[in-house]
Amino acid sequence: MMTPGSIRAAKPETFMLERDYDHPVSLLFWAFTNLEAKRAWYGGEGTWEVTKHTMDFEVGGWEHWHGRPNVDAPWMTNDGLYLDILPDERIIHQYNMTMDGRLFTVSQQVLEFSAKGAGSYLKLVEQILFIDGVDHLEDRIGGTRDMMDKLDAYLNTVPENTK
């Protein structure tokens, strides 16, 4: 993997992940909309050094995250803008990531939620632009899968009537 800034290029990629959850759609959707819930499963809380995570969950609202996996790692940011929200159905947002202040990815992500039996189904489609030689699609897919696993583990600790 090249470091940010070593070349001047932008490489687009797209990936899709699907996941079934043994929880109702309303609870799954809520875990994306409630800051306390999202902090519990998203972005390394408890394992990473996170200095900021704020969220204004509404169309036009921003989510800001700042952290790093350990003291020797570079600081990273994830700044996202909510473009479309249909409760219990869909979230469309875009986000930019930096490493030590340098932009390395720009993404648009669509999350689609639907009922599946007594549980729910989540479809995630991400269009990502890797900037200046930072091309780690498999890492991004793996990290997104890990977050989906952490989301599932978190939902297993939450009472079903929470929302």
Side-chain angles (χ1 to χ4, degrees), residues 1-21 28-29 31-35 37-86 89-114 120-155:
M1 178 170 82
M2 302 197 66
T3 59
S6 61
I7 64 172
R8 302 300 304 176
K11 181 182 178 197
E13 296 281 1
T14 300
F15 69 91
M16 179 181 76
L17 297 173
E18 299 172 289
R19 177 78 183 252
D20 293 329
Y21 291 90
L28 178 60
F29 190 85
F32 283 86
T33 69
N34 179 281
L35 181 58
K38 196 162 185 186
R39 282 179 175 164
W41 64 268
Y42 177 88
E45 290 285 334
T47 58
W48 285 45
E49 181 182 359
V50 177
T51 61
K52 181 179 186 177
H53 191 176
T54 62
M55 180 169 62
D56 179 17
F57 188 77
E58 64 182 12
V59 173
W62 283 88
E63 183 170 356
H64 301 285
W65 180 94
H66 182 264
R68 62 184 177 180
N70 60 63
V71 296
D72 297 321
W75 288 103
M76 299 176 73
T77 65
N78 184 325
D79 294 308
L81 173 65
Y82 292 102
L83 302 171
D84 187 50
I85 299 169
L86 296 174
E89 293 180 33
R90 184 176 68 208
I91 300 169
I92 300 174
H93 66 108
Q94 63 187 35
Y95 67 95
N96 309 315
M97 294 184 73
T98 67
M99 186 181 327
D100 277 343
R102 298 189 74 136
L103 182 68
F104 72 96
T105 64
V106 176
S107 294
Q108 178 173 285
Q109 193 176 80
V110 179
L111 302 162
E112 295 177 324
F113 304 80
S114 59
S120 55
Y121 164 80
L122 174 63
K123 178 180 175 182
L124 178 152
V125 177
E126 183 163 331
Q127 296 171 314
I128 183 170
L129 188 62
F130 291 103
I131 307 294
D132 293 346
V134 177
D135 182 1
H136 54 89
L137 179 62
E138 292 307 316
D139 289 344
R140 179 62 62 89
I141 292 169
T144 304
R145 278 193 184 113
D146 288 346
M147 280 195 290
M148 293 171 97
D149 291 344
K150 289 177 184 175
L151 171 58
D152 190 40
Y154 172 73
L155 291 173

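Computation of the quantities below employed the complete heavy-atom set of this structure, encompassing side-chain atoms and omitting hydrogens, waters and symmetry-equivalent molecules. Counting begins at 1 with the first residue of the sequence.
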Quiz item: Per the ring pair (Phe, Tyr, Trp, His ring centres under 6.0 Å) rule, which among Tyr42, Phe113, Tyr154 passes with Phe32?
Solution: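 The residue from Tyr42, Phe113, Tyr154 that satisfies ring pair (Phe, Tyr, Trp, His ring centres under 6.0 Å) with Phe32 turns out to be Phe113.
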Gap separating the [atom1] atom of [X] from the [atom2] atom of [Y], nearest 0.5 angstrom:
X      : Y      : atom1 : atom2 : result
Lys123 : Glu18  : NZ    : CD    : 6.5 Å
Met76  : Met99  : CE    : CE    : 5.0 Å
Leu137 : Phe130 : CG    : CZ    : 5.0 Å
Phe15  : Glu126 : CZ    : CD    : 4.0 Å
Lys11  : Ile131 : NZ    : CD1   : 12.5 Å

Quiz item: Taking atom types as modelled and ignoring hydrogens, do the side chains of Thr51 and His66 form a donor-acceptor contact shorter than 3.5 angstrom?
Solution: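 Yes, side-chain donor-acceptor contact under 3.5 Å.
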Quiz item: With a 3.5 Å cut-off and no angle check, do the side chains of Gln94 and Gln108 form a donor-acceptor pair?
Solution: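 Side-chain D/A pair, Gln94 to Gln108: absent.
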Quiz item: Of Lys38, Glu63, Arg39, which is the lone residue that meets side-chain hydrogen bond (donor to acceptor under 3.5 Å, both in side chains) with His53?
Solution: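 Exactly one candidate clears the test, Glu63.
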Please name the pair of heavy atoms, one in [X] and one in [Y], separated by the smallest distance, quoted to 0.1 Å.
X     : Y     : result
Asn70 : Asp72 : OD1-N, 2.9 Å
Pro12 : Ala10 : CD-O, 3.7 Å
Asn34 : Met55 : C-CE, 3.6 Å
Gly60 : Leu81 : O-CD1, 3.5 Å
Val50 : Trp65 : CG1-NE1, 3.7 Å
Ala73 : Arg68 : O-CD, 3.3 Å

With heavy-atom distances below 4.5 Å as the criterion, would you say the side chains of [X] and [Y] are in contact?
X      : Y      : answer
Ile92  : Leu86  : no
Asp20  : Tyr121 : yes
Phe29  : Leu111 : no
Val110 : Arg90  : yes
Thr14  : Met16  : no

Hey, is the main chain of [Y] close enough, under 3.5 Å, to the side chain of [X] for a donor-acceptor pair?
X      : Y      : value
Tyr21  : Met148 : yes
Asp132 : Ala9   : yes
Asp100 : Trp75  : yes
Trp41  : Ala31  : yes

Quiz item: Between Glu13 and Arg140, does at least one N-O distance fall below 4.0 Å, as a salt bridge requires?
Solution: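 The answer is no: the pair does not qualify as a salt bridge.
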Quiz item: Centres of the His136 and Phe104 rings: under 6.0 Å?
Solution: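 Ring centroids of His136 and Phe104 are less than 6.0 Å from each other.
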Quiz item: Going through the distances and angles, do Leu151 and Arg19 end up as a side chain to side chain contact (heavy atoms under 4.5 Å, CB included)?
Solution: CA-CA 11 Å; Leu151 171 58; Arg19 177 78 183 252; over 6 Å; no
